[in-house]
Engineer: 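Sending over a structure as structure tokens; questions will come in a sec.
Every chain is numbered from 1 and lettered A, B, ... according to where its sequence line falls, protein lines coming before strand lines.
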Protein chains: 2
Amino acid sequence: MSIDVLHTEVMSTATDPRAAIVGGSEPVETAPCCVPSGSAPMDAARAVSLSRQFKAIADPNRLRLVSLVSASPGSEACVCDLTEPLDLGQPTVSHHLKILVDAGILRREKRGVWAYYSLVPGALDALADVLTTRTGTGR
Amino acid sequence: MSIDVLHTEVMSTATDPRAAIVGGSEPVETAPCCVPSGSAPMDAARAVSLSRQFKAIADPNRLRLVSLVSASPGSEACVCDLTEPLDLGQPTVSHHLKILVDAGILRREKRGVWAYYSLVPGALDALADVLTTRTGTGR
DNA sequence: ACTTTACATCGATGAGCATCGATGTCCTGC
DNA sequence: GCAGGACATCGATGCTCATCGATGTAAAGT
């Protein structure tokens, strides 16, 4: 891949103090330490996709919803079980649950009158993996 | 672990179909269905605190910022290196970096004219840990 | 058929946020 | 001291989002 992703400007203008700090004599082209091979740190499209999932859990009430669901017997809960501990109205809880479902974090299963929500297996683990393997390219 | 986290519903009203499922017969007046006795799976204050950190990375540009910083030589980068790959103005990048610093994800170190940003060790791992250990109460 | 219960959807509203241009501050070189 | 570069802060603007009340839908009981 091209050097541009490293955005290592090799600078020529002497007005750049970093030339002195880095000792800019070498044509530093390849990744000095950590970058995998060459691919961009994180694709813009992938960043948008990931941000949609992170946005879904980046809300106090939705974090508690996920926690409540996973802590429920059988790892599933219906809306009526969730409105009270969150102290929110039923439409608001339904709204948050829909966001979590759309983000692929929760799963909805209707049984009779109730709608049971459960975790999508591996969804949160995939997100956690993004945070631990920080290269962004590595899948 | 106490049963409360299971919020075992004991139900009494016969109008509730789940009474048949669970087979409840005892007269419980409070907590109509499920609410745990006392402790919630995730504390509200902790949810707010965590959501602040998740909000910080729940943005496409900030995700790429973190990725760019970690992929930079020495795992640090200055603002001038970050404006170009993100295609954003310098004030906007500074704004996003401040949010990441305030959230405890990035660290700022001023050297001469440049401000170098680097990852706070363990910050992202702590967030990832929240997603993998899903109980919420258990630390 | 009517009522009740559980849940989703629909506007509306108010707060928060991302982005930008302009400006201020600090440092470096002349 | 003066000019220029790097970065932060400020104020404004447009957009997204969280929350709510009202309403719609579907299922179960009477």
Side-chain angles (χ1 to χ4, degrees), chain A residues 7 9 11-21 44 47-48 51-52 54-65 69 76-84 86-103 106-117, chain B residues 9 11-21 32-34 44 47-48 51-52 54-65 76-84 86-103 106 108-117:
Chain A
H7 50 68
E9 39 223 61
M11 319 302 306
S12 56
T13 62
T15 63
D16 195 331
R18 275 183 306 180
I21 298 176
V48 171
S51 73
R52 280 192 58 237
F54 279 117
K55 269 183 210 286
I57 59 170
D59 180 276
N61 291 320
R62 289 198 287 268
L63 271 176
R64 300 186 70 191
L65 277 176
V69 167
E76 63 177 14
C78 63
V79 181
C80 65
D81 293 338
L82 300 170
T83 54
E84 188 168 333
L86 262 65
D87 199 45
L88 287 179
Q90 173 266 320
T92 304
V93 173
S94 262
H95 165 71
H96 286 308
L97 287 171
K98 177 176 169 53
I99 290 179
L100 288 168
V101 169
D102 289 345
L106 290 187
R107 204 173 33 178
R108 197 180 96 106
E109 184 192 355
K110 190 120 186 204
R111 287 206 297 270
V113 192
W114 285 272
Y116 285 88
Y117 288 87
Chain B
E9 44 226 60
M11 320 304 313
S12 59
T13 62
T15 64
D16 195 331
R18 277 183 303 182
I21 299 175
C33 61
C34 48
V48 171
S51 72
R52 281 191 58 238
F54 278 117
K55 269 183 209 285
I57 59 171
D59 179 275
N61 290 320
R62 289 198 287 268
L63 271 176
R64 299 186 70 192
L65 277 176
E76 63 177 14
C78 64
V79 181
C80 64
D81 293 338
L82 301 170
T83 53
E84 188 169 333
L86 262 66
D87 200 45
L88 286 179
Q90 174 265 321
T92 304
V93 173
S94 261
H95 166 71
H96 285 308
L97 287 171
K98 177 176 169 53
I99 290 179
L100 288 169
V101 168
D102 290 346
L106 290 188
R108 198 179 95 107
E109 184 192 355
K110 189 122 188 200
R111 287 206 298 269
V113 191
W114 284 272
Y116 285 88
Y117 288 87

Engineer: Please give, in whole Å, the distance from C:dA6 P to A:Arg108 CZ?
Structural biologist: 15 Å
Engineer: Just how far, in rounded Å, is C1' of D:dT19 from CG of A:Asp87?
Structural biologist: 12 Å
Engineer: Taking CD from A:Glu109 and P from C:dA6, how many angstroms apart are they, rounded to a whole number?
Structural biologist: 18 Å
Engineer: From NZ of B:Lys110 over to C1' of C:dT25, roughly how many Å is that when rounded to an integer?
Structural biologist: 8 Å
Engineer: Where the side chain of B:Cys80 is defined as all heavy atoms beyond and including C-beta, which of D:dA6, D:dC7, C:dC7 is the nearest nucleotide?
Structural biologist: D:dC7
Engineer: For A:Glu84 and C:dA6, what is the distance between atoms CD and C1' respectively, to the nearest whole Å?
Structural biologist: 15 Å
Engineer: Which part of the nucleic acid does A:Lys98 contact within heavy-atom distance under 4.0 Å: base, sugar-phosphate only, or nothing?
Structural biologist: sugar-phosphate
Engineer: Using a 4.0 Å heavy-atom cut-off, write out nucleotides 11-17 of chain C from 5' to 3' as B (base contacted by protein), S (sugar-phosphate only) or - (no contact).
Structural biologist: -------
Engineer: So if I take every side-chain heavy atom of A:Pro91 and compare against C:dT9, D:dC7, D:dT19, which nucleotide ends up nearest?
Structural biologist: C:dT9
Engineer: Quick one: on DNA chain D, does A:Ala58 or A:Gln90 contact a more 5' nucleotide (nearest heavy atom)?
Structural biologist: A:Ala58
Engineer: Can you tell which of B:Thr83, B:Asn61, B:Leu82 makes a side-chain contact (heavy atoms from CB on, under 4.5 Å) with B:Leu88?
Structural biologist: B:Asn61
Engineer: Which nucleotide, D:dC7, C:dT19, C:dA6, lies nearest any side-chain atom of A:Val113?
Structural biologist: C:dA6
Engineer: Would you mind listing every salt bridge (Lys or Arg N to Asp or Glu O under 4.0 Å) that reaches into residues 93-102 of chain A, with sequence neighbours excluded?
Structural biologist: A:Lys98-A:Asp102
Engineer: Could you give the CG-to-P distance, from A:Leu88 to D:dC20, as a whole number of Å?
Structural biologist: 6 Å
Engineer: Inspect the contact between B:Glu76 and B:Arg111 and indicate whether a charged nitrogen and a carboxylate oxygen are less than 4.0 angstrom apart.
Structural biologist: yes
Engineer: With sequence neighbours excluded, what pairs up with A:Arg107 under the side-chain contact (heavy atoms from CB on, under 4.5 Å) test?
Structural biologist: A:Ser118, A:Val120, A:Pro121
Engineer: Rounding to a whole Å, what distance do you find between A:Leu82:CG and D:dT19:P?
Structural biologist: 14 Å
Engineer: Looking at CG of A:Asp59 and CZ of B:Phe54, how far apart are the two atoms once the value is rounded to the nearest 0.5 Å?
Structural biologist: 12.0 Å
Engineer: Between C:dA18, D:dA6, C:dC7, spot the one nearest the side chain of B:Trp114, thanks.
Structural biologist: D:dA6
Engineer: Taking atom OH of B:Tyr117 and atom CG of B:Leu106, what is their separation to the nearest 0.5 Å?
Structural biologist: 8.5 Å
Engineer: Could you check which of C:dC7, D:dC7, D:dT19 has an atom nearest any side-chain atom of B:Tyr117?
Structural biologist: D:dC7
Engineer: Can you tell me if B:Thr92 touches the phosphate of C:dA18, counting only side-chain N or O atoms and a distance under 4.0 Å to OP1 or OP2?
Structural biologist: no
Engineer: Would you kindly give the CG-to-P distance between A:Asp102 and D:dC17, to the nearest whole Å?
Structural biologist: 12 Å
Engineer: Let me confirm one number: the CD1-CG distance from B:Ile99 to B:Leu65, rounded to the nearest 0.5 Å.
Structural biologist: 10.0 Å
